[in-house]
Amino acid sequence: MTMLTYTVLTDPAPLEASAAGRPSTGTVYLLVTNTGQQPAYWSTITVEVPVGNGAGDLTSNLNKIKPKGEYRTWPGTRPGTWTGPPPGTRSSVNVQRQGSNAFQATQATTPGGRTPFAPGDYMVLTLENVALAATSGLAVLAVTEKASRTKTGGLSTSHAAVALAKTAPQELPAPHSFHPDKAMVNPGDTLTLSWQGSTGFSYAIMYPGAPQFVPVSGGSWSPPTAPKRAITYILRATDPTTQQQHFLTTTVQVRDPELDTLTATTEIKTPRVQGTKTNWGLTIAGTGAEISDSSGVKGTLTADKAVFDGVLTGYVEGPNSGEGVITFPQGGVKVWSTGGSSELGTLYVSGIRTDYVSGPNDGDGDIRFLPGGMKIWSALGSNDPGTLYVSGIRTDYVSGPNDGDGDIRFLPGGMKIWSALGSNDPGTLYARNVNGVASGRSTPRSGWRPTGGYYYDITVDTSGAGFTSCPIYLIALGGDFYGEHDLRTTAIYNATATSFSVVLRWRDGVPMTLDDAERLGWHIDWVGYETS
């Protein structure tokens, strides 16, 4: 039985075992008291610490622990006459590492000496920065006391065991209260976002414009640039042990926001729309709209397209320098090549009703409109047929000028090409591709390459189709088979505007050589469709 009494306290209480990726530390206090009626003369007090990561171990690293000790005299009034130190006197105790897993407290100045431990006095041995073991359970400190009842009597060795608990790691509390310091900001204002949560989490923030989550810490963060429009920030908190993620969002509104585009599905109500670089603006009143500056000077409306029920204007001019002008004289219109010019311009329309059309210069072509048709002459007043250059013709058929030339007939939903006018013999269409569609085949019996095992591949040249971008290819395997092999082609790969590749494989295990491919004329039939 020990002469002194030993009690253990911890901070925090209870201690929490370390978790993966989340180490736990604490402080252990060993309170030593003399509850007897007589002094105890002590020489050393040795505390053995269980080292490891098991349930009965306190720490896995004894080197990190910082020991210290303090002796305090009885804080109250002692009965009778007392010649010792005054009540509440404090003195340091020497605590040193002892062996591989213990700490030893000594008070005497000479080896083997002893110091009186008066009734009511107490001593605190402190182990700071204890890196707690990773398994919860009960850890026991083994205390060895060397003391005697008299100042000169022989020292006796006694033992005591004091236990402390390590609880299992607790799940980190979820973060909360993610909010900005200002819910509404002006463009350019500094913004700070704050949150509350355990420092055990790793935090990151995502916002529009950021390519990925930005790591943050410290419970607050300011965006690198002030928001220009309403923006939502996302806070992600990750538990390092379970990898569970928590997400919080907060939105900041911006007064006078700057938008790339604005789409309103119903309407926009505003008395004025103003430019960002000038004071020119559009004022909307009950009778219409007016473009002017702040002093009332009329401005210019520039648009790609305008649709009106009516326009009252002295002239119409193109938006760029040197573009045509339309003026409105009494009873008609005039088209000029440029503003202020006397040179006639060109009129582009979808239809004109007139007796004839002639070029502006002598010798220019002449178009006459006859009942049911028209004639094109090489020059005004000439009987020599002219040449028609157009971007489109609507007609029942088109035939070459000579007997025996091909004939194209237009049918509902398509057309037919005949070898000659009035013939039922289909003609030949020569074209690189038609409406982005072309077809072809690889050269039979050639181009195949062994790739190992039961595989051969081929690269098919499609450059003759004239595709400008990679089309959609449809393929089929052609040639003679006669049931000799169970053949399959893989999906197209390495497809470009000028070629693609295909792998040929057979699944029946019958040996196959290049002689088979060449003898049987195997090839790839293909159709390509260019979508844009």
Kindly indicate, with the supporting measurements, whether the criterion side-chain contact (heavy atoms from CB on, under 4.5 Å) is fulfilled by Ile492 and Trp526. CA-CA 11 Å; Ile492 293 171; Trp526 60 269; over 6 Å; no
Under the side-chain contact (heavy atoms from CB on, under 4.5 Å) rule, what do Leu193 and Thr250 come out as? Steps first, then yes or no, please. CA-CA 9 Å; Leu193 304 176; Thr250 188; 4.2 Å; yes
May I have the step-by-step check of side-chain contact (heavy atoms from CB on, under 4.5 Å) for Ile475 and Phe500, ending in yes or no? CA-CA 10 Å; Ile475 65 169; Phe500 64 85; 3.7 Å; yes
Are Leu248 and Ile234 close enough, and set up right, to give a side-chain contact (heavy atoms from CB on, under 4.5 Å), and what steps lead you there? CA-CA 6 Å; Leu248 298 175; Ile234 303 173; over 6 Å; no
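A distance-only check finds no donor-acceptor pair linking the side chain of Lys228 to the backbone of Gly188 [under 3.5 Å]. When atom types are taken as modelled, the side chain of Thr59 and the backbone of Ala131 share a donor-acceptor pair closer than 3.5 angstrom. With Asn129 contributing its side chain and Lys64 its backbone, the two residues share a donor-acceptor pair below 3.5 Å. Under the 3.5 Å distance criterion, the side-chain polar atoms of Asp239 are left unmatched by any main-chain donor or acceptor of Gln244. For Thr462 (side chain) and Ser499 (main-chain N/O), a donor-acceptor pair under 3.5 Å exists by modelled atom type.
Using bins of under 30°, 30° to 60° and over 60° for the plane-to-plane angle, the ring pair Trp195/Phe178 lands in the perpendicular bin. Classified by interplanar angle (parallel below 30°, tilted 30° to 60°, perpendicular above 60°), the ring pair Tyr473/Phe467 is perpendicular.
Between the CD atom in Glu16 and the OG atom in Ser136 there is a gap of 10.0 Å [rounded to 0.5 Å]. Rounding to the nearest 0.5 Å gives a distance of 6.0 Å between OH of Tyr203 and OG of Ser198. With rounding to the nearest 0.5 Å, the separation of CD1 in Ile472 from OG1 in Thr531 is 5.5 Å. The CG atom of Asn320 lies 13.0 Å from the OG1 atom of Thr338; values are rounded to the nearest 0.5 Å. A distance of 5.5 Å separates CE in Met184 from CZ in Arg255, rounded to the nearest 0.5 Å. Of the inter-residue distances, the one linking Trp522 atom CH2 with Ser446 atom OG reads 14.0 Å to the nearest 0.5 angstrom.
The ring-ring contact (aromatic ring centres under 6.0 Å, His included) contacts involving residues 239-270 comprise Phe201-His246, where partners must be two or more places apart or lie in separate chains.
For Trp221, the ring pair (Phe, Tyr, Trp, His ring centres under 6.0 Å) partners at least two apart in sequence or on another chain are Tyr207.
Side-chain contact of Thr192 with Ser222: a donor-acceptor pair under 3.5 Å is present, judged by distance alone. For the residue pair Ser501/Thr459, the side-chain donor-acceptor check at 3.5 Å is satisfied. Side-chain contact check for Ser463 and Asp461: at least one donor-acceptor pair (N or O, by modelled atom type) lies under 3.5 Å. Of the N and O atoms on the side chains of Ser469 and Glu530, at least one donor lies less than 3.5 Å from an acceptor on the other residue. Thr238 and Gln243 form no side-chain donor-acceptor contact under 3.5 Å, judged by distance and modelled atom types alone. Judged purely by distance below 3.5 Å, without hydrogens or angles, the side chains of Thr327 and Trp336 pair a donor atom with an acceptor atom.
Between Thr135 and Lys166 the shortest heavy-atom distance is O-NZ, 2.8 Å. In this structure, Val325 and Glu317 approach most closely via the heavy-atom pair CG2-CG, 3.5 Å. Looking at every heavy atom in both residues, Pro227 comes nearest to Val185 through CG-CG2, 4.1 Å. Here the shortest heavy-atom pairing between Pro257 and Arg229 reads CB-CA, 3.9 Å. Of all non-hydrogen atoms in Leu477 and Leu504, the two that sit nearest each other are CD2-CD1, 3.6 Å. Residues Ala133 and Asn53 approach most closely at CA-OD1, 3.6 Å, considering heavy atoms.
Leu344 is not listed as a side-chain neighbour of Ser337, based on a closest heavy-atom distance of 4.5 Å or more. With contacts defined as side-chain heavy-atom distances shorter than 4.5 Å, the pair Arg409/Leu421 qualifies. Here the side chains of Leu132 and Thr25 are not in contact, with every heavy-atom distance at 4.5 Å or above. Side-chain contact between Val252 and Tyr233 is present, with heavy atoms from C-beta onward closer than 4.5 Å. Here the side chains of Thr249 and Leu235 are not in contact, with every heavy-atom distance at 4.5 Å or above. At least one side-chain heavy atom of Ile524 sits less than 4.5 Å from a side-chain heavy atom of Ile458.
Other residues, nucleotides and ligands place more than 12 heavy atoms under 6.0 Å from the CZ atom of Phe328.
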